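To keep things clear, I will list the structure first and then write my remarks on it.
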Amino acid sequence: MKFLNKKNNLSSLDILRIHFNELQTWKDADNEIEFLIHIVNDIRPDNPKKIITIDLGFLIEFFEENPVIKSNFAAYLSTILTDKKFGSILTDTGILKDTDFLYEVKKRIFAKLLPYQASPDTLEYVLNQVFYADSDPIWIEKIPFTQLEILFEILGFSSIYQTEDTNNNIAQLIQSANLIAQRNSGKALDADVIKMIPEYHEKESPFAALEKELYLIKDLLANNHQTFFKPDDINIKQLYVLLNQCFDFVENAFQNSSKYGISMRVNQSLLTIKQQLNRLKLILDFLIVKHANEDKIKTLQLNLLLIKLNCQKNNIRSLVNESTQLISYEITQHTAKTGEKYITESKADYFKMLYAALGGGFIVGILCVIKVLLSKLDASDFGHAILYSLNYSFGFITIYLLGYTLATKQPAMTAAALVRSLNDGYKNPEKAIDKYESFAKLFARVFRSQFIAFVGNVAMAFPVSLAGIWFIDYIFNYNIAQTKWLVLVTDLSPAHSLAIFHAGIAGVFLFLSGIISGSVSNRDKFLQVYYRIQEHPWLKISFGKEKAKSIAKWYEHKWAGVISNFWFGIFMGSTASVGVFLGLNLDIRHITFASGNLALALYGSNYTVSTELIIWGIFGIGIIGLMNFIVSFSLSLGLAFRSRNIPISELKLINSSIIKQFKKSPLSFFFPVDKREV
């Protein structure tokens, strides 16, 4: 018999009439499961999300009018479903199997393209063939549960609690629960996991106690010849107490990440434990029956759960979301703390920021001159990439270590601080009412801090670059920008170049540098690097305890920033060369460097630049700065929202509160004003 498909133009009712009548031709099929596949394909909607409900009334009516077909179809279902093992769906599907995040992602992508096929004697094999679409749980949930109950009765199914076979459904549930408990006991004893919760070092593992209790539950069911417990049974209550203790263990470990940091490997281990505890809870719920009629309801619920779990086992989005949320939270926690120092409040803070920005602009002005000098060297594109990268990196590190400010580094830090203030409104009901107003006021402070930093950087980079190129010309009688001035000024114009796009690339790099800073801080915290330096025997002997302690303190407060600025320099210096290699027009535009380049272009042309190009250049500097800010701030804001699980829909309320604050006090977005207004 040929395999049936939609091209046969046979409806599900046609299949039932032709193959499940008195002749029962389904028994002659090479592959019996194909009939169920075709019936489900006929019912499955093309767009499950747009369908409000899936009505199976036609199927119920058909079975009621055709008792012979109904009886034969019930026998058919019994043939393909009886004695099918389903334990692996409960213990394995959708649960992380490896602490290597990238390996898990690759494995799921491969499974999406070429799905794993289980043994034919398992329920997983049947579900893989019949409910193969990821969207199947969506439309199945839209079938009225009452219709499923009617079909359950019509087809004469028995509940999972009615059989006493040693390999019955309840036995598989218990076996799955025991296997999960055993796996969790081992994972919870991992040295790196235990390190996250030192308070449990002297306590008995709740996972071991849960495992023992599950064996007692298994024996009780077997000895008493029962298949379920009542909700008030003391044994099941004890089981849930231990289960909750295991959940507390995991939550405490996650919360301690703020103290000890966390690695991706430990994060994945804790996620696996949590996923298995959630799965265990689902299984235990099926061991409890409150009243006589609930046994059929729970049987249907178990089948629906198995279908859902099997369909979603290769879900990549949920894997990425779960795996990265805590790590992103720890990263944004670090950037939020760093960002707080970039938010000015008083006039003194405001002018202090201006001073720091002038210092940053001074160094950038020098870097602009050095870069033009480096471009004169006879080197390959790769060689220039290294030279430019080192120029940027050492310059940015110098700015950071001297306490100066590079304006565009702020948005990636301040965005996290803003979202943390919003998140406080969620946690504290007393602050929840005015959280948007508080956010708007804080945003005004952030914006004016960014504004004055831009002003300071640009105002200083221009004259320093101009003085630098003049000094070189005066000493060596050589105008270093004489042949390059047109390129320098044209690259600033959004009308004559891809300045806006290139400024966006710089914004992405600014965002990434913030990620690197938070990642390094989190890693060092987890590896206890600061404590290791402080207690290093050689350092204490060579320099003394206090010096070793001061080295550790410097490392704790500065190292993440040093690495972040180093990589930001690498990104900035190598982009153009990477673009040449790929044959793409890639480059970076940074507001502070744009100001310095405009000065170099003016001097290089001997001040003969056309008024039009000068106007476009000045306008371009502003657009470049705005693009730097928007891209880096938006990406950082999105990550901060994601890390704290705040819905993106909040942006609408946030935007309206910012607009309201701007109308109320527009000057507060640019200058420090009366505290009552901010």
Side-chain angles (χ1 to χ4, degrees), residues 353-377 379 383-410 452-485 487-489 491-492 503 506 509-510 513 558 561-562 564-576 587-605 607 617-618 621 624-625 628:
M353 176 64 73
L354 175 60
Y355 171 78
L358 289 171
F362 181 87
I363 293 174
V364 168
I366 296 173
L367 297 180
C368 289
V369 175
I370 293 175
K371 185 183 177 184
V372 173
L373 288 172
L374 292 174
S375 69
K376 302 293 181 180
L377 296 177
H384 277 128
I386 293 176
L387 293 171
Y388 295 158
S389 295
L390 292 176
N391 178 44
Y392 283 128
S393 292
F394 289 124
F396 294 150
I397 291 171
T398 302
I399 291 172
Y400 173 70
L401 293 179
L402 291 177
Y404 295 148
T405 294
L406 189 65
T408 49
K409 288 282 287 182
Q410 296 179 19
I452 195 60
F454 275 145
V455 170
N457 278 174
V458 171
M460 183 57 77
F462 185 91
V464 169
S465 295
L466 196 60
I469 192 173
W470 170 83
F471 182 76
I472 292 172
D473 192 14
Y474 180 78
I475 297 297
F476 300 102
N477 196 27
Y478 177 52
N479 186 340
I480 60 173
Q482 188 172 12
T483 59
K484 198 173 182 180
W485 69 267
V487 174
L488 289 172
V489 73
D491 283 347
L492 301 179
F509 291 152
L510 287 159
S513 68
K558 298 293 184 180
V562 169
S564 167
N565 281 286
F566 174 78
W567 278 107
F568 181 48
I570 297 295
F571 296 148
M572 295 279 282
S574 59
T575 301
D587 209 338
I588 52 93
R589 294 291 175 267
H590 186 281
I591 180 172
T592 314
F593 286 90
S595 174
N597 287 343
L598 181 60
L600 296 176
L602 286 172
Y603 191 90
S605 69
Y607 303 101
I618 295 172
I621 291 172
I624 288 168
N628 291 160

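Just so we're clear, the structure is a prediction, and the values are computed from it rather than from any experiment. Because only heavy atoms are used, hydrogens play no part in the values below, and waters and symmetry mates are left out as well, while side chains stay in.
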What's the verdict on side-chain contact (heavy atoms from CB on, under 4.5 Å) for L602 and W485, showing C-alpha distance, side-chain angles and the deciding distance? CA-CA 7 Å; L602 286 172; W485 69 267; over 6 Å; no
Before giving the answer on side-chain contact (heavy atoms from CB on, under 4.5 Å), spell out for H590 and L406 the whole-Å C-alpha distance, their side-chain angles and the decisive distance to 0.1 Å. CA-CA 10 Å; H590 186 281; L406 189 65; 3.7 Å; yes
Please walk me through it: do I570 and F566 pass side-chain contact (heavy atoms from CB on, under 4.5 Å)? CA-CA 6 Å; I570 297 295; F566 174 78; 3.9 Å; yes
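Residue L402 holds its CG atom at 8.5 Å from CD1 of I399, rounded to the nearest 0.5 Å. The line from CG of L390 to CD1 of I397 is 9.5 Å long, rounded to the nearest 0.5 Å. Considering CZ of F568 and OG of S389, their distance stands at 11.5 Å, rounded to 0.5 Å. A distance of 10.0 Å separates CG in D491 from CD1 in I588, rounded to the nearest 0.5 Å. In this structure, the separation between CZ on F476 and CZ on F471 is 7.5 Å, given to the nearest 0.5 Å. The CD1 atom of I469 lies 9.5 Å from the OH atom of Y478; values are rounded to the nearest 0.5 Å.
With R589 contributing its side chain and L492 its backbone, the two residues share no donor-acceptor pair below 3.5 Å. Between the S513 side chain and the L510 main chain, a donor and an acceptor come within less than 3.5 Å of each other. Between the N628 side chain and the I591 main chain, a donor and an acceptor come within less than 3.5 Å of each other.
With sequence neighbours left out, N479 forms a side-chain hydrogen bond (donor to acceptor under 3.5 Å, both in side chains) with no residue at all. Scored by the ring pair (Phe, Tyr, Trp, His ring centres under 6.0 Å) test, Y603 finds no partners at all (sequence neighbours excluded). In terms of the side-chain hydrogen bond (donor to acceptor under 3.5 Å, both in side chains) criterion, N391 has no residue partners (sequence neighbours excluded). Under the side-chain hydrogen bond (donor to acceptor under 3.5 Å, both in side chains) criterion, N597 pairs with no residue, sequence neighbours left out. Here S595 pairs with nothing under the side-chain hydrogen bond (donor to acceptor under 3.5 Å, both in side chains) rule; sequence neighbours left out.
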Could you pull out all donor-acceptor pairs under 3.5 Å where a side-chain atom in residues 355-377 meets a protein atom, sequence neighbours excluded?
| unit_1 | atom_1 | unit_2 | atom_2 | d |
| --- | --- | --- | --- | --- |
| K371 | NZ | Y392 | OH | 3.2 |
| S375 | OG | V372 | O | 2.5 |
| K376 | NZ | I480 | O | 3.0 |
| K376 | NZ | T483 | OG1 | 3.4 |

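Taking the six-membered ring for Trp and thresholds of 30 and 60 degrees, F593 and F396 have ring planes more than 60 degrees apart, a perpendicular arrangement.
Side-chain atoms of M572 and Y388, non-hydrogen and from C-beta on, never get closer than 4.5 Å to each other.
Atom OH of Y607 has more than 12 heavy atoms from other residues, nucleotides or ligands within 6.0 Å.
For A601 against L488, the heavy-atom pair with the smallest separation is CB-CB, 4.0 Å. Nearest heavy-atom pair, A576 versus D587, reported as atom, atom and distance to 0.1 Å: CB-OD1, 3.8 Å.
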